[in-house]
Amino acid sequence: MKALPDDFLGRIAFIIEKYGENLLKGAGTTLIIALVGTIIGCLIGFVVGVIQATPINKSDNIFKRIFLRIINIILTVYVEVFRGTPMMVQAMFIFYGSAILFNIHMDMWVAAYFIVSINTGAYMAETVRGGILSISEGQTEGAKAIGMTHVQTMVYVIIPQAIRNIMPQIGNNLIINIKDTCVLSCIGVVELFFVSKTVSGAYYTVFETYTITMVMYLCMTVFFSKLLRIIESKLNGPKDYSLSTTDTLAYTSGMLKYPKKEVV
Amino acid sequence: MQEKMIEIKHLRKSYGNNEVLKDINFSVKKGDVTCIIGSSGSGKSTLLRCINLLETPFEGEILYKNQNVLEMKNISSYRAKVGMVFQNFNLFENMNVLKNCTIGLTKVLKEDKEQAKKESLYYLEKVGMLPYINARPRQLSGGQKQRVAIARALAMKPDVLLFDEPTSALDPQMVGEVLNVIKNLAKEGFTMIIVTHEMAFARDVSNHVVYMNNGIICEEGTPDEIFKNPKKEETKNFLERFINI
């Protein structure tokens with residue numbers, strides 16, 4: 001067995017050589033939980049946010065109004081509870097509580113995805129609601145005026161623009177999730193922090209191990225924040241446009257040909 | 001007798017205890033171009049928005065082809081038949097010019113894509129916006145946006161077109177380009193209700209002028225009756241400010 005080197009960098013190299021694979025696996029677990037959790041969380045957030053942003057009209061029939069109000073109360077409780085308590089406490093509560101109270105022995109992985117998703121969902125719900133409110137009322141009226149229903153208006157006009165507006169916040173959530181999955185180590189999920197704890201204990205190389213861990217976390221978060229920036233600028237659509245014309249000579253100057261007109 | 005397109009009976013609307021519309025009665029026949037004039041705050045826009053049910057009236061009836069729209073179950077399909085052009089254009093910012101026009105045809109009228117495109121191009125040409133089909137609303141000037149908004153409304157082939165101060169957000173040069181488009185529509189016999197502050201335009205384009213003041217219809221008649229010899233004192237006072245038309 002190789003002895004532990006004396007210098008700091010040597011020890012880091014030693015740890016990477018010996019435990020590099022484990023650490024990478026841990027990082028992979030962290031990423032998967034964070035990504036899946038963020039995606040499912042966003043979906044939950046969209047559903048909740050859209051429902052909460054639905055206006056309740058006095059002209060709607062009474063059952064629809066009561067139904068919407070009840071749903072809204074449930075959703076508000078959900079958002080407040082999950083935003084208002086620490087994820088670590090929720091993890092313990094849900095994972096152990098479900099086993100003791102309901103005798104449901106939740107798979108650790110299921111619990112991990114569930115906790116991260118539902119947490120992100122609670123935050124995203126408010127973000128989505130804000131995103132919807134940020135789109136000018138006028139566009140909703142424009143859509144209604146050509147006969148679109150509320151659902152069509154949301155799907156084709158408001159949500160595509162809301163998504164663009166809340167992209168920075170989605171990125172924020174992803175990065176928070178990459179970091180915060182470390183609390184899942186408390187229910188035994190072997191992610192990057194869990195692995196680091198084990199590795200640092202093996203040779204009492206706390207500082208060295210966590211230096212590597214820090215760098216790994218940082219690489220993941222920087223990579224994703226850059227990636228999201230690129231997606232964001234893609235969503236902005238083209239900055240320029242080309243004029244269309246039927247003049248064939250103008251095509252060479254970059255003008256587009258528009259489809260053949262026919263009399264309607 | 002000409003078919004009555006829209007008939008409004010005893011319409012009332014208030015915001016809190018501020019009564020904006022007090023017992024409005026008027027009707028629009030097929031092919032009529034009605035201009036609603038009056039000072040700001042007289043309830044013109046609210047009246048127009050009530051016709052499209054963007055505002056819910058308090059009391060009264062709005063009859064569309066003798067059907068009370070306030071009792072209609074399917075408001076969306078009624079709105080599809082009543083086009084509206086707004087002061088602030090209200091184009092969909094996430095779509096290009098062509099998509100702005102086709103979206104209503106494909107999603108509301110359920111036309112197939114090719115047909116929707118063909119029709120949209122026809123109406124975009126009518127308003128002179130054909131070269132700009134690939135542009136996004138934010139890349140257009142105000143007058144161009146408004147012309148696209150008109151094409152979007154026209155593409156739905158509405159029975160009535162409502163214009164809510166279509167030129168109020170535009171500079172004088174652009175006002176001209178938008179008004180010309182509307183004038184051409186009038187010549188083609190579209191039924192239109194136009195809220196406007198452009199008196200010369202109202203005089204030239206309409207065959208029916210409604211002067212509103214403080215939530216009531218103060219005077220109505222042909223352009224000649226209203227502009228050349230208004231009967232009521234309020235109308236005279238209002239029109240004096242536009243002496244140069």
Side-chain angles (χ1 to χ4, degrees), chain A residues 55 57-61 64 131-132 134-165 167 234-247 250-251 253-264, chain B residues 49 52-54 56 70 74-101 103-109 114-115 117-125 130-136 138-140 149 152-153 155-158 162:
Chain A
N57 294 327
K58 277 182 191 158
S59 55
D60 290 337
N61 76 51
K64 191 178 164 194
I132 290 171
S134 75
I135 307 302
S136 63
E137 185 76 7
Q139 292 195 51
T140 311
E141 288 187 350
K144 278 185 184 167
I146 58 170
M148 283 199 199
T149 60
H150 180 74
V151 175
Q152 285 174 326
T153 307
M154 279 290 158
V155 172
Y156 300 118
V157 180
I158 306 298
I159 290 178
Q161 294 180 66
I163 288 181
R164 166 62 192 87
N165 285 0
M167 267 315 275
K234 282 255 154 43
L235 285 177
N236 279 340
K239 279 206 174 66
D240 306 315
Y241 62 91
S242 320
L243 294 175
S244 312
T245 176
T246 43
D247 181 0
Y251 297 156
S253 71
M255 286 178 130
L256 289 181
K257 182 183 180 179
Y258 54 60
K260 221 175 172 182
K261 315 189 293 282
E262 281 162 61
V263 182
V264 207
Chain B
R49 291 166 60 82
N52 206 354
L53 298 180
L54 287 175
T56 318
L70 296 173
N74 195 343
I75 296 175
S76 296
S77 65
Y78 161 69
R79 282 191 181 129
K81 291 183 204 125
V82 180
M84 176 121 176
V85 175
F86 299 86
Q87 183 175 347
N88 296 318
F89 329 122
N90 294 348
L91 293 177
F92 308 134
E93 301 280 339
N94 57 328
M95 304 172 194
N96 65 20
V97 166
L98 182 61
K99 191 84 197 288
N100 258 285
C101 296
I103 186 93
L105 298 176
T106 51
K107 303 302 175 194
V108 179
L109 300 182
E114 278 307 306
Q115 178 69 14
K117 196 167 178 180
K118 231 191 283 175
E119 291 180 16
S120 300
L121 290 173
Y122 171 78
Y123 288 106
L124 282 166
E125 189 185 26
L130 199 46
Y132 296 90
I133 51 173
N134 298 308
R136 298 254 171 165
R138 65 166 186 274
Q139 294 159 331
L140 300 176
R152 175 176 74 180
M156 299 296 292
K157 293 169 283 298
L162 311 176

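Since the model is a prediction, treat every value here as computed from it, not as a measurement.
Within the model, atoms OG1 of A:Thr149 and CD1 of B:Ile75 stand 12.0 Å from one another, a figure rounded to the nearest 0.5 Å. Atom CZ of B:Arg152 and atom CD1 of A:Ile146 lie 5.5 Å apart (nearest 0.5 Å).
Taking chain B as the reference chain and counting heavy-atom pairs below 4.5 Å, the highest number among A:Arg164, A:Gln152, A:Gln161 is found for A:Gln161. Comparing B:Lys107, B:Met156, B:Met84 by heavy-atom pairs within less than 4.5 Å of chain A, the highest count is held by B:Lys107. The residue among B:Gly83, B:Gly104, B:Ala135 with the most heavy atom pairs within less than 4.5 Å of chain A is B:Ala135. Of the listed residues B:Asn96, B:Asn90, B:Leu54, B:Asn52, the one with more heavy-atom pairs under 4.5 angstrom with chain A than any other is B:Asn90. The candidate from B:Ala80, B:Ala149, B:Ala153 with the greatest count of non-hydrogen atom pairs under 4.5 Å with chain A is B:Ala80.
For a residue to count as touching a neighbouring chain, one of its non-hydrogen atoms must lie under 4.5 Å from one of that chain's; by this rule B:Val82 touches chain A with the backbone only. Heavy atoms of B:Phe92 lying under 4.5 Å from chain A belong to its backbone as well as its side chain. There is no contact between B:Leu162 and chain A, counting heavy-atom distances below 4.5 Å.
A pairwise comparison of heavy atoms in B:Arg79 and A:Lys144 identifies CD-O, 3.0 Å as the closest pair. Across all non-hydrogen atoms, the minimal contact from B:Asn94 to A:Pro160 is ND2-CB, 3.4 Å.
Scanning residues 136-143 of chain A against chain B with a 4.5 Å heavy-atom cutoff picks out A:Gly138, A:Gln139, A:Glu141, A:Gly142, A:Ala143, ordered by number.
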